[in-house]
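Every chain is numbered from 1 and lettered A, B, ... according to where its sequence line falls, protein lines coming before strand lines.
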Amino acid sequence: MKREEYQKLVNEYTPKVNKWKNAVIAFFVGGLIGLLGQIIVTIFQNSFGMEVMASYSWLCVLVIFLASLATALGFFDNWVSKCRAGLFLPTTGFAHSVTSAALDYRKDGFITGIGSSVFKLAGSVILYGILSGFFLGVLGVIIYG
Amino acid sequence: MIFFNAFLVAGTFCLLAEVLMDNTKLTPGHITSIFVVLGAFLSFLGLYEPLIRFGGAGATLIIANFGHMLYQGAIIGFHEIGVLGLAGGLLSKSSLALVSAVVFAFLFTLFFKPKN
C-alpha cells in the first residue's frame, strides 16, 4: 500500500470531530459554570455579608470540593469527554486532574504512588504557572517599580 | 448584568480553548498550561483585574486566574519584603487553590476506589 493510500484510509477511519458542536458546548458549559459561580458569589455577599475577595475564595474552595467529589464518585470523566474545554478550563479541571491522579496511582502505595504521582497531570500547570509568574514578576518590578 | 458578563467571560475562555484544541494537536494539559501563562501575562499587562471587575466569578473560575494569582502574589511579596518577596510571596494567593485541591484529593482517595 502506498503512503497516500494509507493516509487516505487513516483519514477515513479517524472519527470526525464536530468542531462547531464542540465549540458551542464548551461555550455554554463554561459560561454556565461562570454564571452559577456568580450566583453563588452574590448569595455569599448578600446573605453571609462576605467581602468580595472572600466570596471568590470560598467559591474557589467550593468548586474544587465539588469537582474532586465528582471525580472520586466517577462522574467527572464522562462529563469531561462530553463538555471538553467547558469543564477542564475552569478550576474544576485542576481539581479533577489532581484527584484523578491520586485515585489512579493509589494502588502503588502512599509514597511511591500518590506521593510521587499526585501532580502528574496538574504538574505542568503548576510548573509553567510558577515560572511565568516569577519571571513576569521580575519584569513587572523592573518596569513598573 | 454581572451575571451575563460572568457567563460571557467564562464561556469565551472555554470557547477559545476548545477551538485551540480541535484545530491543533494540543492536549488538555497543553491548553491549561497555555491559559495559566496567558493569565499571568494578562495580569502583567494589568488587564486581569479589570476582567474580574467585569466578569466577576466568570473570570476567577478560569484556570487563567491561577496565573493572575501567582503574578499578583509575586508583586505583593515584592512590595512587602523586597526582592525575596518575589519568590516568597509568589504562592501566597494561589495557596488556597493548591492546598484545597491536594487535601480534597487525598481525603477522597482514602474513601473512594477508582471506578474503572
Which answer fits [X], side chain, backbone, both or neither, if we ask what part of it has an atom under 4.5 Å from a heavy atom of chain B?
X	value
A:F135	neither
A:I39	both
A:V41	side chain
A:L36	neither
A:L139	both
A:I130	both
A:V63	side chain
A:V29	neither
A:I114	side chain
A:I126	both

### Query
Between A:T71 and A:T99, do the side chains contain an N or O donor and an N or O acceptor separated by less than 3.5 Å?
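A:T99 and A:T71 do not have a side-chain donor-acceptor pair below 3.5 Å.
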
### Message
I'd like to know if the side chain of B:S43 pairs up with that of B:Q72 as donor and acceptor (distance under 3.5 Å, no hydrogens or angles considered).
### Response
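On atom types as modelled, these side chains qualify, holding a pair under 3.5 Å.
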
Heavy-atom pairs under 4.5 Å with chain B - which of [options] has more of them than the others?
options	answer
A:L69, A:V138, A:T92, A:L127	A:L69
A:I25, A:V24, A:L32, A:V80	A:L32
A:L89, A:L103, A:V125, A:L131	A:L89
A:S132, A:G123, A:S97, A:G37	A:S132
A:C83, A:A95, A:G86	A:G86

Do [X] and [Y] make a side-chain contact, defined as non-hydrogen atoms from C-beta onward lying under 4.5 Å apart?
X	Y	answer
A:W79	A:F88	no
A:S100	A:L121	yes
A:R84	B:D22	yes
B:L42	B:H68	no

Identify every side-chain donor-acceptor pair in residues 52-60 of chain A under 3.5 Å, counting partners at least two apart or on other chains, and give the distances.
| from | atom 1 | to | atom 2 | distance (Å) |
| --- | --- | --- | --- | --- |
| A:S55 | OG | A:Q45 | NE2 | 3.0 |
| A:S55 | OG | A:V52 | O | 2.6 |
| A:S57 | OG | A:M53 | O | 3.1 |

Please classify the contact of [X] with chain A as side chain, backbone, both or neither, using a heavy-atom distance under 4.5 Å.
X	value
B:A74	side chain
B:V19	side chain
B:L86	both
B:L90	side chain
B:F13	both
B:F41	both

Counting heavy-atom pairs closer than 4.5 Å to chain A, which one of [options] comes out on top?
options	value
B:A40, B:C14, B:A10, B:G56	B:C14
B:L15, B:I63, B:I52	B:I63
B:L20, B:L110, B:L16, B:L91	B:L110
B:A97, B:G73, B:A59	B:A97
B:N23, B:N65, B:N5, B:L8	B:N23

### Task
List, by chain and number, the other hydrophobic cluster members for B:V103, where Ile, Leu, Val, Met, Phe, Trp and Tyr join if side-chain heavy atoms come within less than 4.5 Å, directly or indirectly.
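B:V99, B:L107, all in the cluster of B:V103.
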
Closest heavy-atom pair and its distance - [X], [Y]:
X	Y	result
B:I2	B:R53	CD1-O, 4.0 Å
B:L70	B:S94	CD2-OG, 3.2 Å
B:A17	A:A85	CB-CB, 3.8 Å

### Task
Please answer whether the main-chain N or O of B:S92 pairs with a side-chain N or O of B:S95 as donor and acceptor at a distance below 3.5 Å.
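Side chain of B:S95 to backbone of B:S92, a donor-acceptor pair under 3.5 Å: no, none is there.
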
### Message
Rounded to the nearest 0.5 Å, what separates atom CZ in B:F106 from atom OG in A:S68?
### Response
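Here the rounded value is 13.5 Å.
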
### Message
I need the A:F76 CZ to A:S81 OG distance, nearest 0.5 Å.
### Response
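If we round to the nearest 0.5 Å, A:F76:CZ and A:S81:OG are 11.0 Å apart.
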
### Heavy-atom contacts under 4.5 Å, residues 27-35 of chain B to chain A
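Those residues of residues 27-35 of chain B which have a heavy atom under 4.5 Å from chain A are B:P28, B:G29, B:I31, B:T32, B:S33, B:F35.
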
#### Entry: From A:I64, A:T91, A:D77, A:L87, residue fulfilling side chain to side chain contact (heavy atoms under 4.5 Å, CB included) relative to A:H96
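By the side chain to side chain contact (heavy atoms under 4.5 Å, CB included) criterion, A:H96 pairs with just one of A:I64, A:T91, A:D77, A:L87: A:D77.
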
### Query
Within a reach of under 6.0 Å around CD1 of A:I111, are more than 12 heavy atoms found that belong to other residues, nucleotides or ligands?
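No.
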
#### Entry: Candidate pair B:Y48 and B:Y71, rule ring pair (Phe, Tyr, Trp, His ring centres under 6.0 Å), full reasoning
CA-CA 11 Å; B:Y48 213 88; B:Y71 177 80; over 10 Å; no

#### Entry: Selection residues 107-125 of chain A - residue pairs positive for salt bridge (Lys or Arg N to Asp or Glu O under 4.0 Å), sequence neighbours left out
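Checked against salt bridge (Lys or Arg N to Asp or Glu O under 4.0 Å) - neighbours excluded - no pair reaches residues 107-125 of chain A.
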
### Task
Taking the six-membered ring for Trp and the single ring otherwise, decide whether the centroids of B:F78 and A:Y144 are under 6.0 Å apart.
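Between A:Y144 and B:F78, which both carry aromatic rings, the centre distance is not below 6.0 Å.
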
